[in-house]
Colleague: 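Can you read through this structure? Questions will come right after.
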2 protein chains.
Amino acid sequence: MSDASESGIPERKRGSGVKVVYEMLRDEILDLKLPPGSPIDEVQLAERFGMSRTPIREALVRLAGEGLVETLPNRSAMVANIDVLNLHTFYDAITLMYRVTTRLAAQYHRPADLVTIRAHQAKYAAAVAAQDALAMVSTNRDLHAAIAEAGRNPYYTWLTLRLLDEGRRILRLYYQSFDDRLPQEYVEEHEAMIDAIAARDIERSDRIASAHADQIVRQIQKLLARDERQSVPL
Amino acid sequence: MSDASESGIPERKRGSGVKVVYEMLRDEILDLKLPPGSPIDEVQLAERFGMSRTPIREALVRLAGEGLVETLPNRSAMVANIDVLNLHTFYDAITLMYRVTTRLAAQYHRPADLVTIRAHQAKYAAAVAAQDALAMVSTNRDLHAAIAEAGRNPYYTWLTLRLLDEGRRILRLYYQSFDDRLPQEYVEEHEAMIDAIAARDIERSDRIASAHADQIVRQIQKLLARDERQSVPL
DNA sequence: TGCATTTTATTTGTCGACAGAATTTCGACC
DNA sequence: GGTCGAAATTCTGTCGACAAATAAAATGCA
């Protein structure tokens, strides 16, 4: 269960503790290794990471600030739940952020941005080719994060990153139980999106981003509408 | 300088410490009582609030997560600077959020929301009548926060709140040195906005919110373009 | 006098410990 | 046997202290 206790690791740079815990916990939450709603024991984490509760708590506070963990006073912190009932607010927001960041990227990107964006797209295409669902979700996030970055509006970038992370959890919920393939379309849509950005065609970027978001929303909706009942003979 | 040390206050509920420090520091940062770029000494705050450094640190981590303080490793935390050069990203984002949240409020508001919104509007009008610039900025924030809340999209609400807070700092920068009056227009625009929301007229809400945002942006730009040189005889 | 280097001092990051709250366990009573 | 209440346990919130790292001061040298 705990494999981190074997390595003798009294060596740790001052100030790196929080970062390690934060990133590790964050990944585990987004990958659903820590399932939504599960309680988080500070002492347990402290022994697991071989450090005091102080840096653990600081990491938890940060994660709470990003909405990934929920804390109740004098009670254990919990991994934030995925609010399936209000998913439409997520659809709405991610669509708008896709559109806005792509528009701004077309407007303000610099040559170096395109290099970064294309590198992420290559990784995404590789993940699709390898049928690696987890890598697809992760590289898709990185690609859109790079596009948002190229738009150079930190407020939009911030919200986009949060939405992408939330989406990573939702998609993970999906790919956990199901492994079909259709994301080849996404590769092509990404290519078209990058072309539009490179051409600085704002309206075309907007249209493609909008269609891309719709595509993803439909994908998630199809997943959620899936009827998982099995025909059992009675 | 420190007037909080006089009151004998060993009485403090468990778990309230962080909240007190967080809200106090937050207000002081937004009101520019703590000027942007000024260093934050944890020990000093600890004695001032009569508590240990632990809750202070936790409050600072939270504020850092909201972008109100910047922390460098092994160095003092600083009150976040106001990036005047990239103000256009702020204009862009606040305009979009005004539009989106007002649209959603027109669509999804419930009767109780209108009561809350109108109450905030009344307070805003009172602040304008009283020529209380600080109260105007504060109540304006509360009003738009209530509208965002009525739209029921937590992602938009989150970004809107952050933008409103950032705007509070920017406007505070203005009203600090200058006290003129023109916000009577804002009162009327707010009234029109609330009417459109109550009528569930999405397009009209959008138009008014857009115009309102433009108005505020122009106001800030006029402030920043102000020539503060004084004609000194040489 | 000016600059580089060592020494001092201040400040953060982390630790272990204690007390308050809440949950759980155990026991008594109906 | 079930339910209510009390003791015990567990976990969080806060504290004071120590050590690393940086900033400041002091010293030596050219």
Side-chain angles (χ1 to χ4, degrees), chain A residues 1-2 4-5 7-26 28-29 34-35 37-65 67-80, chain B residues 1-2 4-5 7-26 29 34-35 37-65 68-80:
Chain A
M1 202 155 289
S2 70
S5 55
S7 48
I9 26 82
E11 299 290 339
R12 189 162 42 81
K13 293 174 211 159
R14 171 192 176 86
S16 71
V18 178
K19 196 179 175 187
V20 171
V21 177
Y22 166 77
E23 292 177 352
M24 188 88 69
L25 281 183
R26 183 162 178 272
E28 294 186 356
I29 291 174
L34 293 177
S38 63
I40 301 178
D41 186 350
E42 296 178 1
V43 180
Q44 190 176 327
L45 286 176
E47 355 187 305
R48 175 180 156 202
F49 285 99
M51 60 182 69
S52 168
R53 276 177 49 222
T54 310
I56 307 286
R57 274 181 75 80
E58 183 168 333
L60 288 180
V61 170
R62 277 215 245 169
L63 290 168
L68 290 180
V69 312
E70 297 168 356
T71 83
L72 299 163
N74 290 323
R75 217 179 332 284
S76 275
M78 289 177 24
V79 178
Chain B
M1 203 154 289
S2 70
S5 54
S7 47
I9 26 81
E11 299 290 340
R12 189 161 42 81
K13 294 175 211 157
R14 172 193 176 85
S16 71
V18 178
K19 196 179 175 187
V20 170
V21 177
Y22 166 77
E23 292 176 353
M24 188 87 69
L25 280 183
R26 196 187 124 97
I29 291 176
L34 293 177
S38 63
I40 301 177
D41 186 349
E42 296 179 2
V43 179
Q44 189 176 328
L45 287 176
E47 344 186 315
R48 176 180 154 201
F49 285 99
M51 60 182 69
S52 167
R53 275 177 48 221
T54 309
I56 306 285
R57 273 181 74 81
E58 182 168 331
L60 289 180
V61 170
R62 277 215 245 169
L63 290 169
L68 290 180
V69 313
E70 297 168 356
T71 84
L72 298 163
N74 290 322
R75 217 179 333 283
S76 275
M78 289 177 22
V79 178

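Letters go in sequence order (proteins before strands), and every chain restarts at 1.
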Colleague: If every non-hydrogen atom of B:Val79 is compared with every non-hydrogen atom of B:Pro35, which pair is closest and at what distance?
Modeller: CB-O, 3.6 Å
Colleague: Which part of the nucleic acid, if any, lies within reach of B:Glu58 when heavy atoms closer than 4.0 Å are counted: base, sugar-phosphate only, or nothing?
Modeller: nothing
Colleague: Keeping to residues at least two apart or across chains, list the salt bridge (charged side-chain N to carboxylate O under 4.0 Å, His left out) pairs with something in residues 70-79 of chain B.
Modeller: none
Colleague: Could you check if a side-chain atom of A:Leu60 sits within less than 4.5 angstrom of a side-chain atom of A:Ile40, using non-hydrogen atoms only?
Modeller: yes
Colleague: When rounded to the nearest 0.5 angstrom, what distance separates CD1 in A:Ile29 from CE in A:Met24?
Modeller: 12.5 Å
Colleague: Does A:Arg62 have any side chain to side chain contact (heavy atoms under 4.5 Å, CB included) partners at least two apart in sequence or in another chain, and if so, which?
Modeller: A:Val18, A:Tyr22, B:Val61
Colleague: Between A:Arg53 and B:Pro73, which has a closest nucleotide on DNA chain C that is more 5'?
Modeller: B:Pro73
Colleague: Could you tell me the boundaries of the chain A footprint on DNA chain D, defined by atoms under 4.0 Å from its heavy atoms?
Modeller: D:dC11 to D:dA21
Colleague: Give me the atom names and distance for the closest heavy-atom approach of B:Ala59 to B:Val21.
Modeller: CB-CG1, 3.8 Å
Colleague: Whole angstroms only, please: what is the OH-C1' distance between A:Tyr22 and C:dG13?
Modeller: 19 Å
Colleague: Heavy atoms only, 4.0 Å cut-off, all strands: where does A:Ile40 land among base, sugar-phosphate and nothing?
Modeller: sugar-phosphate
Colleague: Under the rule for side chain to side chain contact (heavy atoms under 4.5 Å, CB included), what residues qualify as partners of B:Asp41, not counting sequence neighbours?
Modeller: B:Val43, B:Gln44
Colleague: Given atom CG of B:Asp41 and atom C1' of C:dA9, what is their separation to the nearest angstrom?
Modeller: 13 Å
Colleague: For nucleotides 23-25 of chain C, list the nitrogen or oxygen atoms of the protein found under 3.5 Å from its nitrogen or oxygen atoms, one pair per line.
Modeller:
from	atom 1	to	atom 2	distance (Å)
C:dT23	OP1	A:Arg75	NH1	3.0

Colleague: Roughly, in whole Å, what's the span from CG in B:Asn74 to C1' in C:dT10?
Modeller: 13 Å
Colleague: For DNA chain D, whose closest nucleotide is more 5', that of A:Thr54 or that of A:Ala77?
Modeller: A:Ala77
Colleague: Let me have the donor-acceptor pairs involving side chains of residues 51-58 of chain B, under 3.5 Å, with sequence neighbours excluded, atom names and distances please.
Modeller:
from	atom 1	to	atom 2	distance (Å)
B:Ser52	OG	B:Thr54	N	3.4
B:Arg53	NE	B:Glu42	OE1	3.1
B:Arg53	NH2	B:Glu42	OE1	3.2
B:Arg57	NH1	B:Glu42	OE2	3.0
B:Arg57	NH2	A:Glu58	OE1	3.4
B:Glu58	OE1	A:Arg57	NH2	3.4

Colleague: Nearest whole Å is fine: how far is C:dT14 P from A:Lys13 NZ?
Modeller: 13 Å
Colleague: Taking C-beta and beyond as the side chain, do A:Val69 and A:Leu25 meet within less than 4.5 Å on heavy atoms?
Modeller: no
